[in-house]
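Can you read through this structure? Questions will come right after.
All values below come from the heavy atoms of this structure, side chains included, with hydrogens, waters and symmetry mates left out.
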Amino acid sequence: MSKKVILTVDDEEHILELLKYNLESNSFSILQADTGEKALEIIETEKIDLVLLDQMLPGIDGIQVLKTIRNTEQFKKLPVILLTAKSEEIDTVIGLEMGADDYIGKPFGVHELVARIKAVLRRTEEEPKGEVKVYDLITIDEVLINKSTHTVHIKDKTIELPLKEFELLYLLAKNRGRVFSRDYLLEKIWGYDYYGETRTVDVHIRNLRKKIEDDDKNPKFIKTVRGVGYKFIEKGK
């Protein structure tokens, strides 16, 4: 089986070399860029499986690189993990809202970083093609969720969701009426201990509501259960 190719993007040479050594030691192939511009050039010309992207870069910063990736049809599903030295919550939230698959703060532990990379790659493995099975479809009121094609249809509109938003929606809808805690959702969707960063779930729930609810300030599908977490209910119940 061929090695997964990771593009590491950072303007600090010692960080790039640290990442290269440790990720190659874990059987990944590594490409490097020290600017956002170079990163986008490599993404255009090489087959990349995941981008490890520093948020603070000279010229085009990491958020702008991420925005370009998500707005480009052929790359919009490319997994991206943000590296950030910033501690402010707003920076993390912006990255998640722009479609980052994950983020990790500097300084980071190599074992944790590798675990997160593997978790993101597992989630983004292409699903087998074939006939859509009945149990891959969920219909609730005017919402149709197709797990096989990772698409959501509401009334006459098709909505495209980033992978984690889709997985979150599918889990809630499949178990409608059941309340899930933020910690459970982090473990189930993100696949590892997220060290209490439950705002990650809140950001994705907020994004989902904007896309599937008529009024995201007064949601009819995804309800907040105060002090517990979230649940999906059929409209009007």
Side-chain angles (χ1 to χ4, degrees), residues 4 49-53 66 69-70 76-84 89 91-105 108-109 111-128 135-138 140 143-152 154 159-213 216 219 221-233:
K4 296 292 185 182
D49 293 297
L50 182 143
V51 180
L52 197 57
L53 178 63
L66 176 61
I69 292 171
R70 292 294 176 253
K76 65 182 180 181
K77 293 186 178 180
L78 177 63
V80 177
I81 298 177
L82 284 178
L83 291 176
T84 176
E89 180 173 348
D91 299 306
T92 300
V93 170
I94 289 172
L96 294 172
E97 289 185 336
M98 287 304 304
D101 293 272
D102 201 351
Y103 77 97
I104 186 168
F108 51 82
H111 292 302
E112 180 188 357
L113 177 62
V114 170
R116 294 194 182 200
I117 289 171
K118 289 180 177 179
V120 169
L121 288 172
R122 278 197 303 271
R123 294 198 304 269
T124 53
E125 286 291 329
E126 185 176 5
E127 292 189 350
Y135 57 76
D136 285 337
L137 300 174
I138 297 175
I140 304 174
V143 180
L144 172 64
I145 305 169
N146 187 328
K147 185 179 181 183
S148 293
T149 60
H150 272 223
T151 55
V152 179
I154 300 180
I159 299 172
E160 293 192 8
L161 298 175
L163 181 61
K164 290 200 297 301
E165 286 182 25
F166 181 87
E167 291 181 342
L168 188 56
L169 175 63
Y170 187 84
L171 175 64
L172 291 171
K174 185 178 180 181
N175 299 277
R176 54 188 177 274
R178 178 180 171 184
V179 181
F180 290 97
S181 70
R182 292 171 174 84
D183 287 333
Y184 178 87
L185 292 171
L186 281 171
E187 180 181 349
K188 190 69 176 178
I189 302 301
W190 278 259
Y192 50 83
D193 183 359
Y194 215 69
Y195 302 99
E197 297 289 356
T198 55
R199 63 173 178 260
T200 300
V201 173
D202 297 332
V203 170
H204 284 78
I205 291 291
R206 186 163 67 243
N207 288 344
L208 273 174
R209 283 173 171 164
K210 289 177 181 178
K211 295 169 184 175
I212 71 169
E213 303 279 5
D216 62 286
F221 292 116
I222 301 177
K223 293 285 189 178
T224 301
V225 179
R226 194 171 299 279
V228 183
Y230 298 101
K231 68 177 180 179
F232 194 106
I233 65 172

Which residues pass the side-chain hydrogen bond (donor to acceptor under 3.5 Å, both in side chains) test with R178, not counting sequence neighbours? none
Ignoring hydrogens and geometry, is there a side-chain-to-backbone donor-acceptor pair from R209 to I222 under 3.5 Å? yes
Close side-chain approach of T200 and H204, heavy atoms under 4.5 Å: yes
Atom CZ of F180 and atom CG of L168: how far apart are they, to the nearest 0.5 Å? 10.0 Å
Below 4.5 Å, heavy atoms only, C-beta onward: do L169 and K211 meet side chain to side chain?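 SC-SC contact between L169 and K211 ruled out.
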E167: what forms a side chain to side chain contact (heavy atoms under 4.5 Å, CB included) with it, not counting sequence neighbours?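 Expected list: R123, L163, I189.
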Between I212 and V143, does the side chain to side chain contact (heavy atoms under 4.5 Å, CB included) criterion hold? Intermediate values first, please. CA-CA 8 Å; I212 71 169; V143 180; 5.7 Å; no
From I140 CD1 over to I233 CD1, what is the distance, rounded to the nearest 0.5 angstrom?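 Here the interatomic distance stands at 10.5 Å.
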Out of curiosity, D102 CG to L52 CG, how far, rounded to the nearest 0.5 Å?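 If we round to the nearest 0.5 Å, D102:CG and L52:CG are 10.0 Å apart.
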Nearest heavy atoms of N146 and F166, plus distance in Å: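 Scanning both residues, the minimum pair turns out to be O-CZ, 3.5 Å.
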For side chain to side chain contact (heavy atoms under 4.5 Å, CB included), just list the numbers for Y184 and V179, CA-CA rounded to whole Å, side-chain angles, deciding distance to a tenth of an Å, and then say yes or no. CA-CA 10 Å; Y184 178 87; V179 181; over 6 Å; no
Residue pair K4 / I117, side-chain heavy-atom distance below 4.5 Å: no
Heavy-atom closest pair (P219 atom, E213 atom, distance to 0.1 Å) is CB-OE2, 3.4 Å
Non-hydrogen side-chain atoms of K147 and K174 separated by less than 4.5 Å: no
Residues passing the side chain to side chain contact (heavy atoms under 4.5 Å, CB included) test with E160, sequence neighbours excluded, are K76
Separation between CG of L83 and CG of L113, rounded to the nearest 0.5 Å: 6.5 Å
I'd like to check I205 versus L172 (side-chain heavy atoms, cut-off strictly below 4.5 Å). Are they in contact?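 They are in contact (side-chain heavy atoms under 4.5 Å apart), so the answer is yes.
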Expected output: side-chain D101 to main-chain I81 donor-acceptor under 3.5 Å: no
Can a donor-acceptor pair be found, under 3.5 Å and without considering hydrogens, that links the side chain of K210 to the backbone of R206? no
F232 and F221, any side-chain heavy atoms less than 4.5 Å apart: yes
Nearest-0.5 Å distance that lies between atom CD1 in I138 and atom CG in L144: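 Rounded to the nearest 0.5 Å, the CD1-CG separation comes to 9.5 Å.
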Separation of E187 CD from S181 OG (nearest 0.5 Å): 9.0 Å
